[in-house]
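Data block below; observations after.
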Amino acid sequence: MRILVVEDEAVIASSVRRALIDQGYAVDVEHDGADGLTQARMVAYDLIVLDVMLPSMSGTDVCQALRADDDWTPVLFLTARAGSSDEAHGLELGADDYLTKPFSTVVLLARVAALLRRPRASAEQPFSVGDLRLDPRRHRCLRGDVEIELTAREMEVLAFLVRRAPDTVSKLDLVDNVWGESFDGDPNIAEVYIGHLRRKLDRPDEPAAIRTVRGVGYRLDVGDA
Ligand code: CA
């Protein structure tokens, strides 16, 4: 497993590198956003640990540039402030997870392991339910004939609901499966993503595509093809 670490703070970069190497990962380090992007484009990494605040190019811009290239290498963001809009913004832009500084090495390694264990969206076959068609490999979502733009995480949340349809999925199940069992952030993140998906999927004058089953969870209900 080969991991790219992009972090401008030398002390953090070297401690993250050391911790990952001790676990047997091959590690490359860059200290600048633009250099990180160049490196990420040259080597097929299994994971990128990406600081948000970087010289020359922010981590969110690096991630967005990779996703625009159709590169879905898992990205773990390192953010400076807890509860800041950076996090939500980073996740919107296609990061797979984030860690707020300061973080412990144990937590970092758990998150890295969880991301590496997770099946890559690109390995999945297309599937459909009702008039919704999902092709994670090509990162495409269609509702009827309308193409819907989804972030990496939105795609994972929707894919999980589609695979379980017509069953109801609990919030806990959703968080465990999409964010990983080691996720220790706010489980209400699931609601945030369901909200994003509803805004993208729902059509005026039609019932919501994702129903809330009170006290149980969520169920996909998109009608017939
Ligand atoms: Ca930084």
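Remember, it's 1-based here, ligands and their atoms both numbered in the order they're listed. As a basis for the values below, the full set of heavy atoms in this structure was taken, side chains included, without hydrogen atoms, waters or symmetry mates.
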| In terms of side-chain heavy atoms, does Glu156 have a donor or acceptor partner in Tyr193 at a distance below 3.5 Å? | no
| message | Just verifying a value: how many Å separate Arg211 CZ and Arg219 CZ, rounded to the nearest 0.5 Å? | response | 6.0 Å
| From Arg140 atom CZ to Leu134 atom CG, the distance as rounded to the nearest 0.5 Å | 11.5 Å
| field | N, O or S of Glu7 under 3.0 Å from the Ca ion (ligand 1) | value | no
| query | So which of the N, O or S atoms of Asp51 lies nearest the Ca ion (ligand 1)? | reply | OD2
| Asp8 atom (N/O/S) at minimal separation from the Ca ion (ligand 1) | OD1
| message | Between Asp71 and Arg41, does the salt bridge (Lys or Arg N to Asp or Glu O under 4.0 Å) criterion hold? Intermediate values first, please. | response | CA-CA 9 Å; Asp71 180 337; Arg41 282 173 166 159; over 6 Å; no
